[in-house]
Each structure stands twice: as C-alpha cells, then as structure tokens.
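The shown structure was predicted, so the numbers you read here are calculated from the model rather than taken from an experiment. Along the sequence shown, residues carry numbers from 1.
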Amino acid sequence: MASQLDICNDALSEIAADPINSIDEASSSAFYCRQHYPRVLAEMMTWTDFDFLNRRTALALLANDRKGEWLYRYGKPSDLADAIAVLPKVDEQRTDLPAAGPYNFPAWDTLGKLPFIIAGGSIYTNVSDAILEYQVNVVEPAVIDPLTARACALELAARLAMPLKKSRNLKGDMVKLAEVAKQRAIAESENRSPRRATSYISEAENARMGAGI
C-alpha cells in the first residue's frame with residue numbers, strides 16, 4: 001500500500017537525495033517533490049486503463065435539451081476522466097448466469113456498446129436509469145498497485161535528478177529505468193483485466209441462443 005510520502009522517498013533514494021519526513025517541509029527535496037509529484041500522478045492515469053481507476057455510478061437525470069437526437073440527458077460525474085460504457089440498470093439478480101462466466105449476451109455483442117456522447121458537461125444516451133462505467137481523474141496512492149507505484153517513483157526520480165543533483169547522466173539513467181517500469185506496470189494491469197474483443201455474431205447463432213425470439 002503506497003502513500004505520497006513513500007513514492008517521494010523512493011524517488012529520492014534512487015538519486016541519492018535526502019529523504020523527507022513531510023511533503024510540506026522546507027527542504028529542497030520536499031519543494032521539488034511538491035512540484036513534480038502531482039504531474040507524475042496525473043500522467044500515470046493516462047498510461048493505460050488501470051483497474052484501480054474504474055468506477056460505476058448511477059447517473060443523475062437532467063432536462064433533455066437535445067430531444068431530436070437522444071432520449072435522456074444526464075449529469076457528468078465531477079471526477080470523470082474517461083467514459084467507458086453506459087449500462088442499463090438491472091434491478092433483479094439473474095440466476096441463470098454460468099459459473100464459468102462472465103459470458104456476453106449475444107444481442108449486446110451484435111450491437112456493440114450502447115451509444116452515448118458527452119457534450120457540454122452532460123451525457124446523452126437512449127438508456128433510461130443509466131449507469132456509467134468510467135475512469136476517475138483523481139486517485140489515492142493507497143489503491144495504486146506496487147508495480148505502478150514503483151513506476152511512478154522512478155518517473156518522479158527522473159524529474160528530480162536535475163534540480164536536486166544537477167546531473168544529466170543521472171537523469172538519463174532514471175528515464176530509462178522509468179520507461180521499463182512503466183511498461184511492466186502497464187503489462188501487469190492489462191494481464192489482470194484483459195480486453196475482450198467483440199466478435200460478429202450471425203443471425204443464426206443469435207437464434208440458437210434465443211435472442212430476438
């Protein structure tokens with residue numbers, strides 16, 4: 001379980017700089033950590049679709065101002081970074097789901113993701129009582145997995161090397177190490193949550209599975 005202080009001190013140790021006891025202390029190490037840490041964290045969230053950034057929330061209905069295009073207008077979550085999918089609300093638990101699942105429903109696979117757009121701070125869709133699956137734009141260090149926290153520390157170290165050690169060679173070494181750590185973190189995240197490609201499903205297969213009957 002990482003913390004802001006842990007990530008900063010890991011970065012400082014990589015370049016043999018003095019550790020800090022608080023991010024708000026008056027030392028040079030703390031000053032440059034305050035300057036660069038938020039940017040490193042913000043950039044980390046763009047590396048891939050990390051599972052610890054995923055959230056689901058019921059959307060708040062707004063007055064529809066695009067009635068000729070969409071059935072519903074919803075408010076956009078304040079912490080939205082990237083919208084993944086709009087989903088229908090399901091009130092009743094299904095009891096026929098296979099233990100080896102999850103399996104995609106054939107009708108949904110044929111149609112693909114339910115359509116929506118984001119415009120002017122609102123989400124427009126034709127789904128009633130919609131739920132949004134999305135990625136947040138803020139994250140607590142405690143939920144970051146160890147490999148990603150390590151990559152953040154090395155990325156931060158690369159940015160601290162010049163202001164604290166005045167060494168371009170050290171900065172270059174840290175950049176190389178950070179890139180390797182970043183790719184490891186991305187690969188581990190994608191192995192934990194592999195993307196399933198949507199395949200075309202024929203009308204005959206849909207009929208065999210009972211869709212559209």
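- Between the Asn64 side chain and the Trp70 main chain, a donor and an acceptor come within less than 3.5 Å of each other.
- What you find for Ala157 and Met174 is that their closest heavy atoms are CB-SD, 3.8 Å.
- With a 4.5 Å cut-off on side-chain heavy atoms, Leu71 and Ser128 do not count as touching.
- Without hydrogens or angle criteria, Lys76 side chain to Leu59 main chain gives no donor-acceptor distance under 3.5 Å.
- Using a 4.0 Å cut-off between charged nitrogen and carboxylate oxygen, Glu179 and Lys176 do not count as a salt-bridge pair.
- Closest heavy-atom contact between Tyr32 and Leu164: CD1-CD2, 3.6 Å.
- Rounded to the nearest 0.5 Å, atoms CG (Asp49) and CD1 (Ile84) are 6.0 Å apart.
- Within the 3.5 Å criterion, the main-chain N or O of Phe50 finds no donor-acceptor partner in the side chain of Thr48.
- Considering only heavy atoms from C-beta on, Leu80 stays 4.5 Å or farther from Asn137 through its side chain.
- Arg184 CZ: 12 or fewer foreign heavy atoms inside a 6.0 Å radius.
- With hydrogens and angles ignored, the 3.5 Å screen pairs a side-chain donor or acceptor of Asn191 with a backbone N or O of Ala187.
- The same ILVMFWY cluster, assembled from side-chain heavy atoms under 4.5 Å apart, contains both Tyr37 and Trp47.
- Among all heavy-atom pairs drawn from Ala149 and Ile144, the shortest one is N-CG2, 3.5 Å.
- In the hydrophobic clustering of this structure, Val180 does not group with Ile186; members are Ile, Leu, Val, Met, Phe, Trp, Tyr whose side-chain heavy atoms approach within less than 4.5 Å, directly or through other members.
- Tracing side-chain contacts under 4.5 Å through hydrophobic residues (I, L, V, M, F, W, Y), one never reaches Met44 starting from Leu147; they form parts of separate clusters.
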*Could you go through the side-chain hydrogen bond (donor to acceptor under 3.5 Å, both in side chains) check for Asn54 and Gln135 one step at a time?*
CA-CA 5 Å; Asn54 291 348; Gln135 291 211 309; 2.9 Å; yes
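- The nearest pair of heavy atoms linking Asp145 to Arg192 is OD2-NH2, 3.3 Å.
- A donor-acceptor pair under 3.5 Å is formed between the side chain of Ser13 and the backbone N or O of Asp10.
- Inspection of the Tyr124 and Asp65 side chains reveals an N or O donor paired with an N or O acceptor under 3.5 Å.
- Note that CG of Leu62 and OG of Ser122 are 5.5 Å apart. Values are rounded to the nearest 0.5 Å.
- Note on Val136 and Ile118: same hydrophobic cluster, where clusters join Ile, Leu, Val, Met, Phe, Trp and Tyr whose side-chain heavy atoms are under 4.5 Å apart, directly or indirectly.
- The SG atom of Cys8 lies 5.0 Å from the CD1 atom of Ile20; values are rounded to the nearest 0.5 Å.
- Met162 and Val175 sit in two unconnected hydrophobic clusters of ILVMFWY residues. Membership requires side-chain heavy atoms under 4.5 Å apart, directly or through other members.
- A salt bridge links Arg150 with Glu14; the closest basic N to acidic carboxylate O contact falls under 4.0 Å.
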*Audit row: Thr57, Ile131, side-chain contact (heavy atoms from CB on, under 4.5 Å) steps and yes/no*: CA-CA 6 Å; Thr57 188; Ile131 293 171; over 6 Å; no
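- Taking the charged nitrogens against the carboxylate oxygens, Glu155 and Arg159 do have a contact shorter than 4.0 Å, which makes a salt bridge.
- Side-chain N or O atoms of Lys171 include one that pairs as donor or acceptor with a backbone N or O of Ala158 at under 3.5 Å.
- The CD atom of Gln4 sits 11.5 Å away from atom SG of Cys152, with the distance rounded to the nearest 0.5 Å.
- Summarising the geometry of Ala83 relative to Leu132, their closest heavy-atom pair is CB-CD1, 4.1 Å, with the distance given to 0.1 Å.
- Residues Met45 and Thr148 are not in side-chain contact: their nearest non-hydrogen atoms beyond the backbone lie 4.5 Å or more apart.
- Remark: the backbone N or O of Asp129 is paired with a side-chain donor or acceptor of Tyr74 at under 3.5 angstrom.
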*asked:* With side-chain contact (heavy atoms from CB on, under 4.5 Å) as the criterion, how do Asp6 and Ser3 come out once you've worked through the C-alpha distance, each side chain's angles and the decisive distance to 0.1 Å?
replied: CA-CA 5 Å; Asp6 291 336; Ser3 70; 3.0 Å; yes
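- Contact annotation: the side chain of Tyr72 approaches that of Leu61 to within less than 4.5 Å [non-hydrogen atoms, C-beta and beyond].
- Counting all heavy atoms, side chain and backbone alike, Asp18 lies closest to Ser29 at O-OG, 3.0 Å.
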*Please assess Val139 against Leu53 for the test side-chain contact (heavy atoms from CB on, under 4.5 Å), listing each intermediate value before the final yes or no.*
CA-CA 7 Å; Val139 63; Leu53 299 177; 3.8 Å; yes
_Residues Leu5, Ser22; criterion side-chain contact (heavy atoms from CB on, under 4.5 Å); working and verdict_ = CA-CA 7 Å; Leu5 191 61; Ser22 168; 5.7 Å; no
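- The 12-atom threshold is exceeded at CD of Glu25, counting heavy atoms of other residues, nucleotides or ligands nearer than 6.0 Å.
- Put simply, the side chain of Arg73 never gets that close to the backbone of Ile123: no donor and acceptor are under 3.5 Å apart.
- Between Thr125 and Pro115 there is no side-chain heavy-atom pair separated by less than 4.5 Å.
- Once rounded to the nearest 0.5 Å, the distance linking SG of Cys33 with CG of Asn9 reads 7.5 Å.
- No salt bridge links Arg55 with Asp79; every basic N to acidic carboxylate O contact stays at or beyond 4.0 Å.
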